[in-house]
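Predicted model only: the values in this text are computed from it and were never measured.
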Amino acid sequence: MAKPVQPTRRQIIAGAGIAGSMLAMPNIVRAQARRIVVRDLGIGTSFNDAYGREFTKATGIEVQPITGANDPIGQIKQMVDSRTYTWDMSIVARQVANQLAADGQGYLEPLKLESEPSWQALPEGFRSPVYAGNDVVATVLGYRTDRVKTAPMGWADFLDVARFPGRRAMRRSPVDSVEQALLADGVAPDKLYPLDFDRAFRKLDAVRKDISAWWTSGAQSTQLLQSGEVDFCPSWNGRIQAAINAGAPVAIMWDQALWQTEGWVILKGGPKADLCREFIKFALAPERQAVFAKATGYGPTVPAALDRIEPAVAKTMPTFPANKSSAILVDVDFWTRTRDQATERFTKWVVG
């Protein structure tokens, strides 16, 4: 009878290494499973400072931020339709969330956070079954204080080129621009929607020759004011604040600020939905929103967060009581229905 072949020392060591690797594999899989990819706004390190890094410390769940397109509707639809999830969740404008929820069978996962204290602290206007508001963005008027000697006090002043001479810029989009034209033409804020496009374009026709620049990105609007290329420029408050923080002689007109919110959504059918829910609960904490607000200039949606911000900084935010007194909430449902057609008309009007 042949003697059994005894393994060599090298074979024993190699076998042990393979066995050890196999034993370690579940840990690797678990580590990968406890990781979420989140599309954020891409504003410096604000996301990681406020949310990502601290969430990982608190839970052990790794967060990978990624910056996507400014309007990610197409990307999200493609991921859900193909069930190939480059992102697990995203921060989006409320209008984007509403459209994704309404299209087809819906592209967003229910958040199921109704019983959470952090959810209950969120004002009703800043939440829906698929959306948790993170910040308030205000479209406001920025103006150069070295050239504009009388502070404008409404969109009527912005488009009154006789009383307020100077170079003007506007956003190359019907969103905000149409509202500004109608408010300047005397439409009452509570009668603004549904928007009267014909009336808005008549008002815009009257000032078209006085618009020096049509901006297409927030960074461009900051630069237009900061460089002094224009004297008046409507933009998002955080972008105008960036020019102020850089030392430019710029002020913000808060009268009739046009409010929108941005917030968290989870992609429908994604494998990490429960981890994403944990992240959203964490992100809604007042102390976390306060960090994000200070970094971006956008107002927190949770009222208690404003109390955690230094008074001098809180005064620069849309949700500060004095700044929101005449604010107008943009009707995102109206824009969901009309944006494509309005954008086509607006673009043709701009190019003449």
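Considering only heavy atoms from C-beta on, I266 stays 4.5 Å or farther from D88 through its side chain. Here the side chains of M170 and W214 are in contact, with some heavy-atom distance below 4.5 Å. Here the side chains of V92 and P72 are in contact, with some heavy-atom distance below 4.5 Å. Within the 4.5 Å cutoff, side-chain heavy atoms of I240 are placed close to those of V140. Counting heavy atoms from C-beta on, the side chains of N323 and P318 never come closer than 4.5 Å.
Closest approach of A290 to A305, counting heavy atoms only: CB-O, 3.8 Å. Looking at every heavy atom in both residues, I76 comes nearest to S90 through CD1-CB, 4.5 Å. Residue A132 comes nearest to L111 through the heavy atom pair N-CD1, 3.7 Å, listed as atom of the first residue, atom of the second, then distance. In this structure, S128 and R94 approach most closely via the heavy-atom pair CB-NH2, 3.8 Å. Contact between V63 and P65 at its shortest, heavy atoms only, is O-CD, 3.5 Å. A pairwise comparison of heavy atoms in P234 and L141 identifies N-CD1, 3.7 Å as the closest pair.
The closest donor-acceptor contact from the side chain of T316 to the backbone of A312 lies at 3.5 Å or more, if one exists at all. Judged by distance alone, with hydrogens and angles left aside, the side-chain atoms of K315 form no donor-acceptor pair with the main-chain N or O of F320 at under 3.5 Å. Judged purely by atom type and a 3.5 angstrom limit, T301 uses its side chain to pair as donor or acceptor with the backbone of G133. One N or O on the side chain of R168 and one on the backbone of F158 form a donor-acceptor pair closer than 3.5 Å. With T347 contributing its side chain and E344 its backbone, the two residues share no donor-acceptor pair below 3.5 Å. Panel note: side chain N98, backbone D333; no donor-acceptor pair is recorded below 3.5 Å. For the pair Y85 (side chain) and K268 (backbone), a donor-acceptor distance under 3.5 Å is present. For the pair D185 (side chain) and A181 (backbone), a donor-acceptor distance under 3.5 Å is absent. The closest donor-acceptor contact from the side chain of N237 to the backbone of V137 lies at 3.5 Å or more, if one exists at all.
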(Q) Applying side chain to side chain contact (heavy atoms under 4.5 Å, CB included) to F279 and I61, what does each step give before you reach the verdict? (A) CA-CA 9 Å; F279 175 86; I61 300 169; over 6 Å; no
Q: Go through the steps to decide whether Q75 and R39 satisfy the test side chain to side chain contact (heavy atoms under 4.5 Å, CB included), and finish with yes or no.
A: CA-CA 11 Å; Q75 288 174 285; R39 175 198 174 268; 5.5 Å; no
Q: Decide yes or no on side chain to side chain contact (heavy atoms under 4.5 Å, CB included) for D40 and I66, but give the supporting numbers first.
A: CA-CA 6 Å; D40 78 326; I66 189 168; over 6 Å; no
(Q) Quick one, D198 with R345, criterion salt bridge (Lys or Arg N to Asp or Glu O under 4.0 Å). Give me CA distance, side-chain angles, the key distance, then yes/no. (A) CA-CA 11 Å; D198 291 337; R345 179 176 178 179; 3.0 Å; yes
Q | Full working for side chain to side chain contact (heavy atoms under 4.5 Å, CB included) between L182 and K203 | A | CA-CA 7 Å; L182 291 171; K203 182 64 176 179; over 6 Å; no
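Cluster membership check: V207 shares its hydrophobic cluster with V187, using side-chain heavy-atom separations under 4.5 Å among Ile, Leu, Val, Met, Phe, Trp and Tyr. Hydrophobic cluster membership differs between L159 and W215, with clusters built from Ile, Leu, Val, Met, Phe, Trp and Tyr side chains linked at under 4.5 angstrom. Cluster membership check: L113 shares its hydrophobic cluster with V38, using side-chain heavy-atom separations under 4.5 Å among Ile, Leu, Val, Met, Phe, Trp and Tyr. M317 and I91 fall into different hydrophobic clusters, where Ile, Leu, Val, Met, Phe, Trp and Tyr are joined by side-chain heavy atoms under 4.5 Å apart, directly or via other members. In the hydrophobic clustering of ILVMFWY residues, with side-chain heavy atoms under 4.5 Å counting as a link, V313 and V291 come out apart.
Shown here is Q341, whose CD atom has no more than 12 heavy atoms of other residues, nucleotides or ligands within 6.0 Å.
Here W349 and F197 keep their ring centres 6.0 angstrom or further from each other.
Distance check, rounded to the nearest 0.5 Å: CD of E278 to OG1 of T59 gives 8.0 Å. One finds the OH atom of Y298 at 9.5 Å from the OG atom of S46 (value rounded to the nearest 0.5 Å). The distance from atom CD of Q95 to atom CD1 of I73, rounded to the nearest 0.5 Å, is 7.0 Å. In this structure, the separation between CZ on R53 and CZ on F47 is 11.0 Å, given to the nearest 0.5 Å. Atoms CG and CZ, on D49 and F292 in that order, are 10.5 Å from each other to the nearest 0.5 Å. Once rounded to the nearest 0.5 Å, the distance linking CD1 of I309 with CD of Q289 reads 9.0 Å.
Side-chain contact check for E179 and Y193: at least one donor-acceptor pair (N or O, by modelled atom type) lies under 3.5 Å.
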Atom pairs and distances, donor-acceptor, side-chain atoms in residues 250-263, under 3.5 Å, two or more places apart:
from	atom 1	to	atom 2	distance (Å)
Q256	OE1	W155	N	3.2
T261	OG1	Y131	OH	2.7

For residues 115-127, which side-chain N or O atoms pair as donor and acceptor with protein atoms under 3.5 Å away, sequence neighbours left out?
from	atom 1	to	atom 2	distance (Å)
Q120	NE2	E114	O	3.2
R127	NH1	W119	O	2.9
R127	NH1	L122	O	2.8

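At least one cation-pi condition fails for R288 and Y51: the charged atom is not both under 6.0 angstrom from the six-membered ring centre and inside a 45 degree cone around its axis.
Sorted by first and then second residue, the pairs that involve residues 135-148 and meet side-chain hydrogen bond (donor to acceptor under 3.5 Å, both in side chains), not counting sequence neighbours, are T139-D176, R144-D146, R147-D231.
We find that D274 and R277 are joined by a salt bridge, their nearest charged nitrogen and carboxylate oxygen being less than 4.0 Å apart.
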